[in-house]
Amino acid sequence: MELVHSGKVRELYADGGDLIMVASDRVSVYDVVLPTPIPGKGRVLTQLSLWWFGQLDGVPNHVISGTDVPAEWEGRAIRCRRLTMLPVECIARGYLAGLGLASYAETGTISGVRLPPGLGEGSRLPEPVFTPTTKAAAGHDEPMTYDQVADVVGGSVAAELRRATLEVYRRGAELAAARGIVIADTKLEFGLLPDGTLMLADEVLTPDSSRFWLAGQWQPGRPQRSLDKQYLRDWSAGLDWDRRPPGPAIPADVVAATQARYQELYARVTGRE
Ligand code: PZK
């Protein structure tokens, strides 16, 4: 199969007119891929993404099949429709963290949306906001205002993107909240069918695309403990590592604890083992 795109932790192959998206067991911390895989991570994230696609009925998506994939990738690959991808990272935020927090601290706005004063690290926003960014080929994604999105994709697609992004976030956050999990933010990608139909693509509401916090531990005013990679971040923070490649090898006990967290997140969100 022809390799179309290789990301930090996933690969995309062409199979006839379809694409096969394959999630690896690789993990990145502070944007650096570590040399030790987390066994089962690709499977857990793929199955979680498929579960969310199934929950989000009414939002057209690129999934053709989670099972009709080459045997060697079974469980961690998705057969997808090939779309014309839109050059916008569609982010919805319900809480303040990461780059959203940095932008708010500097300007009181995120992607041109003004937020009320007095918010801090981990604060819940009055309502979820659409905070798109560019999809930079290299270097860092930059915030885009809604008007900039409209300039790039046209006004009617921009309106659809904002509506669909906020709908996916709201439905995901509501479902997760019922299971004791806060989804602070999420990054979505969309593409178009040849007839112009907007389709949700890529992966959905996984720990590689979203911030998950335990609702019982949420405490605005300080950095939140994220459910998935926090264990790896805490471990790596105690090392003498400058956060530049190559990353450090992960010891077996830290691999096992990280694996357990991914499985726990999947079980909590989906109610499946
Ligand atoms: C597409 N990416 C991101 C990068 C990955 C994924 N349905 C689609 N049609 C056309 N292109 C894409 C998709 C999807 N999804 C997604 N780049 C192109 C990406 C690296 C590895 F697995």
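Just so you know, ligand 1 is whichever comes first in the structure, and atom 1 is the first atom listed for that ligand. As the structure is a prediction and not an experimental result, all values here were calculated from the model.
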Q.
Any carboxylate oxygen within less than 4.0 angstrom of a Lys/Arg side-chain nitrogen, looking at D31 and K8?
A. yes
Q: Run the salt-bridge test on R10 and D202 with the 4.0 Å N-O cut-off and return the result as yes or no.
A: yes
**Q.** N-O pairing of D208 and K187 below 4.0 Å
**A.** no
**Q.** Within 45° cone and under 6.0 Å: R211 NZ/CZ vs Y95 ring
**A.** no
Q. Between CG of L115 and CG of L125, what distance do you get to the nearest 0.5 Å?
A. 5.5 Å
Q: Verify the distance criterion only: is there a donor paired with an acceptor across the side chains of S111 and T131 at less than 3.5 Å?
A: no
If you look at each N/O of ligand 1, which protein N/O atoms lie under 3.5 Å away, and at what distance?
residue: ligand 1; atom: 7 (N); partner: H62; partner atom: ND1; Å: 3.0
residue: ligand 1; atom: 7 (N); partner: R81; partner atom: O; Å: 2.8
residue: ligand 1; atom: 9 (N); partner: L83; partner atom: N; Å: 2.9
residue: ligand 1; atom: 15 (N); partner: D202; partner atom: N; Å: 3.0

